[in-house]
Amino acid sequence: MRPPRHITPAALLLPFALLLAGCGGASRAAGAGGGTGSGTDGKGSLTLNVGDQKGGSETLLRAAGELDDLPYKIKWSTFTSGPPLLEAVNAGAVDIGAVGNTPPVFAAAAKSKIKVIAGAHSRSDGEAILVKKDSPLKNPAQLKGKSIAVAQGSSANYQLVASLRKAGLTPKDVTLNYLQPADALAAFTRGKVDAWAVWDPYTSQALDQADARVLTTGQGLVNGLSFQVAAPAALDDKKKAAALKDYTARLRRAQNWVFKHPDAWAKAWAKETGLPQKVALDAVKRTRGTAVTVAVDKAAVASEQQIVDTFAKLKLIPRTFDFGEFVDPRFNGDLPPSGTSPRTYGKGH
């Protein structure tokens, strides 16, 4: 059933409040994780500490049946977005976690102890700058002098910069409000900002429930990559390295399952996040289901280097550096090149 058109901000924020419950990397609540009820799956003496985002890798692996018969334990921790997850990787509290294309740039610029070990290539339609349906803004060039909400260091941060650059603008031409998704949604819903740069499933939710429309997307502007980022100490541990290899293989199989079962995945995703099932399915077909697991190859490194150089030039990161120094390609194996075209569900998605 479609929610009322003028749904209240409090109701809109429910799924985001659930997401924020894990802010800072707290373990999942009892009963919400695996069979032990403590946010842990699997068995054995080895424990892999995995950072996640609400409705992310854990939900994906569980829905695809890839958490069955784990020969090691996975202890899950939930974060609001990529940057705080990578802070936990750097601190050694998390062995691996999934993030977008930009958080590793910010983390590496801060000389964090991280290694990118696996990648995925998706369509970028869900990377969007949103405005209200009744907004007078019709193109990105009109953002000059406007206020925009965005999560600092997120994939949306680079998509915003790239969109502004294409329109002949720089971040100095707008007012940036650095807000995590829940706070950004509240600001957007209440008209406190003129636009919101964000990613799926927030894009799909705002389009469905917050009277939003797309001003522009990242398609053709951003590389569409996301990454599994590991702690060097975990990679240096032979047993953990073997578990990391197995874990990334399970993610690849799970992603293949998602593309073939979009409705089943949307149902599981909606149940986990509190998103309406329609919104979840929209996000699956727009972005999440289109991902193809790819190698972290020279082309991927070069593409990420462009993000590094862009942010360094704008002084949004403290230094420039060689992104390749933060990549460990040992698990590339027979994975396809990073430029492999994402999947698609056909016209309109």
Side-chain angles (χ1 to χ4, degrees), residues 22-27 39 46-53 56-58 72-120 151-155 157-158 180 223 225-249 251 294-298 300-312 315-333 338:
C23 184
S27 296
L46 179 70
T47 298
L48 202 60
N49 295 299
V50 179
D52 199 13
Q53 298 181 50
S57 300
E58 179 186 358
Y72 51 89
K73 291 178 182 176
I74 293 179
K75 181 174 174 55
W76 301 98
S77 298
T78 311
F79 299 82
T80 58
S81 62
L85 191 161
L86 291 187
E87 288 176 13
V89 174
N90 175 58
V94 165
D95 295 318
I96 188 172
V99 298
N101 61 4
T102 306
V105 170
F106 276 75
K111 300 183 180 180
S112 295
K113 295 186 284 291
I114 62 167
K115 288 288 185 179
V116 175
I117 66 168
Q152 186 173 24
S154 67
S155 59
N157 200 166
Y158 181 70
Q180 287 294 318
N223 60 23
L225 294 174
S226 57
F227 299 109
Q228 294 294 325
V229 181
L235 289 165
D236 290 341
D237 181 312
K238 288 186 178 181
K239 290 183 178 179
K240 280 202 172 183
L244 289 171
K245 181 178 181 180
D246 177 80
Y247 176 75
T248 56
L251 283 171
V294 295
V296 187
D297 54 18
K298 290 182 179 179
V301 171
S303 183
E304 289 294 297
Q305 192 65 46
Q306 290 181 2
I307 300 178
V308 172
D309 296 341
T310 297
F311 278 121
K315 299 190 182 335
L316 293 176
I317 56 175
R319 69 187 183 100
T320 189
F321 59 90
D322 179 0
F323 189 81
E325 293 180 359
F326 293 85
V327 171
D328 186 328
R330 72 175 75 175
F331 301 134
N332 279 348
S338 60

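Quick note: numbers below take in every heavy atom, side chains included, and nothing from hydrogens, waters or symmetry partners.
- The shortest distance between side-chain heavy atoms of V94 and F79 falls below 4.5 Å.
- Between L48 and L46, every side-chain heavy-atom pair lies at or beyond the 4.5 Å cut-off.
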Test side chain to side chain contact (heavy atoms under 4.5 Å, CB included) applied to V89 and I96, step by step: CA-CA 7 Å; V89 174; I96 188 172; over 6 Å; no

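- Between the side chain of D95 and the backbone N or O of A234, no donor-acceptor pair lies under 3.5 Å.
- Ring geometry for F321 versus F326: interplanar angle over 60°, hence perpendicular rather than tilted (30 to 60°).
- Side-chain atoms of K73 do not come within 3.5 Å of backbone N or O of N49 as any donor-acceptor pair.
- The CD1 atom of I117 sits 8.0 Å away from atom CZ of R330, with the distance rounded to the nearest 0.5 Å.
- The CZ atom of F323 sits 8.5 Å away from atom CD of Q305, with the distance rounded to the nearest 0.5 Å.
- Counting only heavy atoms from C-beta outward, the side chains of P83 and Q152 never approach each other to under 4.5 Å.
- The minimum heavy-atom distance linking A107 with I114 is given by the pair CB-CD1, 3.8 Å.
- Using modelled atom types, one side-chain atom of N332 and one backbone atom of V296 make a donor-acceptor pair closer than 3.5 Å.
- Side chains of D297 and P329 form no contact here, defined as non-hydrogen atoms less than 4.5 Å apart.
- How far CG of N101 is from CD1 of I307: 4.0 Å, rounded to the nearest 0.5 Å.
- Taking each heavy atom of N223 and L225 in turn, the nearest pair found is OD1-N, 2.9 Å.
- Rounding to the nearest 0.5 Å places CG of L85 at 8.5 Å from OG of S77.
- Using a 4.5 Å cut-off on side-chain heavy atoms (C-beta onward), V327 and F227 make no contact.
- For Y72 and Y247, the gap between ring centers reaches or exceeds 6.0 Å.
- Here E304 contributes atom CD and Y158 contributes atom OH; the two are 9.0 Å apart, rounded to the nearest 0.5 Å.
- Side-chain atoms of F106 and N157, non-hydrogen and from C-beta on, do get closer than 4.5 Å to each other.
- Within the model, atoms CD of Q228 and OG1 of T248 stand 7.5 Å from one another, a figure rounded to the nearest 0.5 Å.
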